[in-house]
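Structure first, commentary second.
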Amino acid sequence: MDLLLLLFSLLLSYLFFKIWKLIDSKQDKDCYILDYQCHKPSDDRMVSTQFSGEIIRRNQNLGLNEYKFLLKAIVSSGIGEQTYAPRLVFEGREERPSLQDGILEMEEFYVDSIGKLLERQQISPKEIDILAVNVSMLASMPSLASRIINHYKMRDDVKVFNLTGMGCSASLISVDIVKNIFKSYTNKLALVVTSESLSPNWYSGSNRSMILANCLFRSGGCAILLTNKRGLRKKAMFKLKCMVRTHHGSRDESYNCCIQSEDEQGRVGFYLGKNLPKAATRAFVDNLKIITPKILPVTELLRFMLKLLIKKIKIRQNPSKGSTNLLPGTPLKAGINFKTGIEHFCIHTGGKAVIDGIKHSLDLTEYDIEPARMTLHRFGNTSASSLWYVLAYMEAKKRLKRGDRVFMISFGAGFKCNSCVWEVVRDLTVEESKENVWNHCIDDYPPKSIVNPYLEKFGWIQDEDIETFKIPDAFM
């Protein structure tokens, strides 16, 4: 009898040990953000209203109609006059870019951001186990990842991923790669480097759908340290809760709405089609269908299902009231209260229309979208790195508290919609934010008005007649 009790006790202990070990091992697979550093280019690369006019005047392929179109686009873009452009634009060489221009632009970014990040965390480059670099529109040989490894003299066995062509949602793809590696390898430290090279991709033609990119995209970048090390868990800032990636590349309309191509004169540019809002809406809706049950409480899901059921019953009883005629690309209201599971919304700064569309779809307030709107105004669309500037704004404004959840939403060419949720794992102190990219100007935001001065300075173009108009020596 005593022997049976002993065997039973041993079996029970073994069972509890295996269960504990399983639960404990899952914790080693969690993905944490240890720290991140956004890049602030030097002030001599700042694009003022006056300089914007000079860039446009230099383009000999533009006429009065293109000037009027660009004025309308930049006035309604939501971008201010403190964004940054690549150096070759200030040197007047945007029509003759070289490969070296793009490489130097990236070097200026990563030497600054990675250097500050590693120094602040007192981490040696040789401690990095995984390196994921995403720059969509620059493919060099050796790769940018190799250049970073060479510059910082990283280990020979560092796992390297160099992503190109993934668009504005690429940084979450890099994070997803790291997250999946963490499932198989424990006690690792990863560095994600995200940016975009504008130097070789500044469009100098007259195609309206391609020159629009010049109005929206600006220089920037971010370096992010991620880890699943137990010893660094208490120092971490955020914990990844879930991620969903949606890709509509199989749909021709979505695939072609946002694409790098050549115009009729052979000039390379980035084409933004009129059906882009429609493609973004479809991808966003499909993404929400998957991620919503993962991030919202059961009570809110049940409330939504009940509301939807009642609505369907009413439509059956009176079909005429249930019909709607939405225009293609019109934002759809989700009908779910996302604030029951989310405290902060980190939205890709793809443009004013993107931010307004998500605000409408998720029924958000101006306070909720303030970080995205202010980031667009101050830094423009910095492509895949824009999410981290939005997150930095929240941190600089002391919005992020322990236990808060941050919903990141990004869109990219392909067409893709990627989203994830981060949990703030500890209160972030003022001392930690001293290198925040917003610190120099955070007290000035939000300003009383974000209306840019382009219309005031260049509004006279609207009154010009195409028959008598002459290109001025300088825009005043």
Side-chain angles (χ1 to χ4, degrees), residues 30-33 36 168-169 171-173 175-176 179 224 226 236-246 280-281 283-308 331-350 354-376 384 386-412 416-428 438 446:
D30 289 332
C31 179
Y32 292 88
I33 290 180
Y36 66 101
C168 297
S169 62
S171 66
L172 292 191
I173 296 174
V175 171
D176 193 37
K179 180 201 73 171
I224 309 109
L226 300 120
M237 304 170 72
F238 307 95
K239 177 183 178 181
L240 183 62
K241 301 298 290 183
C242 66
M243 178 178 291
V244 172
R245 292 168 55 184
T246 303
T281 300
F284 186 41
V285 169
D286 284 355
N287 189 275
L288 284 180
K289 288 178 182 178
I290 301 173
I291 200 170
T292 299
K294 299 175 183 286
I295 64 177
L296 296 186
V298 176
T299 52
E300 177 58 24
L301 297 174
L302 290 174
R303 185 199 67 80
F304 172 71
M305 290 173 65
L306 183 61
K307 182 180 177 181
L308 194 63
L332 300 174
K333 279 203 173 184
I336 301 179
N337 183 7
F338 279 86
K339 294 181 185 179
T340 58
I342 300 294
E343 284 75 31
H344 309 283
F345 297 85
C346 191
I347 305 167
H348 167 56
T349 58
V354 172
I355 299 171
D356 289 342
I358 293 178
K359 177 191 176 186
H360 176 84
S361 298
L362 303 187
D363 199 19
L364 304 181
T365 64
E366 276 298 321
Y367 177 84
D368 295 324
I369 64 168
E370 178 188 305
R373 209 182 285 285
M374 295 306 107
T375 299
L376 178 64
S386 67
L387 288 173
W388 307 99
Y389 287 85
V390 179
L391 186 66
Y393 182 92
M394 296 176 186
E395 185 187 353
K397 281 293 186 181
K398 308 299 183 290
R399 290 190 178 193
L400 304 175
K401 308 298 180 184
R402 182 178 180 180
D404 286 357
R405 289 146 299 185
V406 182
F407 188 14
M408 280 189 170
I409 306 167
S410 66
F411 300 92
K416 298 181 287 292
C417 175
N418 299 328
S419 65
C420 69
V421 172
W422 298 94
E423 179 185 349
V424 184
V425 294
R426 60 178 175 82
D427 291 331
L428 307 179
W438 284 94

_What I'd like to find out is whether the side chain of Leu391 reaches to under 4.5 Å of the side chain of Tyr36, using heavy atoms alone._
yes
*Where does the angle between the aromatic ring planes of Trp438 and Tyr393 fall among parallel (under 30°), tilted (30 to 60°) and perpendicular (over 60°)?*
perpendicular
*Should Ile33 and Val175 count as side-chain neighbours, where that means a heavy-atom distance under 4.5 Å?*
no
_Please report the interatomic distance NE2(His348) to CG(Leu172), rounded to the nearest 0.5 Å._
10.5 Å
_Pairwise distance CZ(Arg405) to NE2(His344) - rounded to 0.5 angstrom_ = 9.5 Å
*Minimum heavy-atom separation for Trp388 to Ser171, with atom names?*
NE1-OG, 3.3 Å
*So among Arg373, Lys339, Lys359, which one has a salt bridge (Lys or Arg N to Asp or Glu O under 4.0 Å) with Asp368?*
Lys339
*Checking Lys401 side chain against Arg399 main chain: does a donor-acceptor pair fall under 3.5 Å?*
no
*State, to 0.1 Å, how close Leu387 and Cys346 come at their nearest heavy-atom pair, and which atoms those are.*
O-SG, 3.1 Å
_To check you understand the geometry: which heavy-atom pair defines the closest contact between Trp422 and Lys241, and what is its length?_
C-CG, 4.4 Å
*Which residues share a side chain to side chain contact (heavy atoms under 4.5 Å, CB included) with Val354, sequence neighbours left out*: Ile358, Phe411
*Any idea which heavy atoms bring Thr349 and Leu376 closest together, and the distance?*
O-CD1, 3.7 Å
*If you measure from OG on Ser410 to CD1 on Ile173, what distance do you get to the nearest 0.5 Å?*
7.5 Å
*Which heavy-atom pair separates Ile295 from Cys242 by the least distance, and what is that distance?*
CG2-SG, 3.4 Å
*How long is the span from the CE atom in Met237 to the CD1 atom in Ile224, to the nearest 0.5 Å?*
11.5 Å
*Could you note down all residue pairs passing side chain to side chain donor-acceptor pair (under 3.5 Å) where residues 289-302 supplies at least one of them, sequence neighbours left out?*
Glu300-Arg303
*asked:* Please check: side-chain N/O of Asn287 versus main-chain N/O of Val244, any donor-acceptor pairing under 3.5 Å?
replied: yes
*Within a strict 4.5 Å, meaning less than it, do heavy atoms of the Phe238 and Val425 side chains meet?*
no
*For the atom pair CD1 (Ile342) and CG (Asn337), what is the distance rounded to the nearest 0.5 Å?*
11.0 Å
_What I want to check is whether the side chains of Asp286 and Thr246 have a donor and an acceptor closer together than 3.5 Å._
no
*asked:* Using 0.5 Å steps for rounding, measure from the CZ atom of Phe284 to the CG atom of Leu362.
replied: 4.0 Å
*How close do Ser419 and Ile291 get, heavy atom to heavy atom, and via which atoms?*
OG-CD1, 3.2 Å
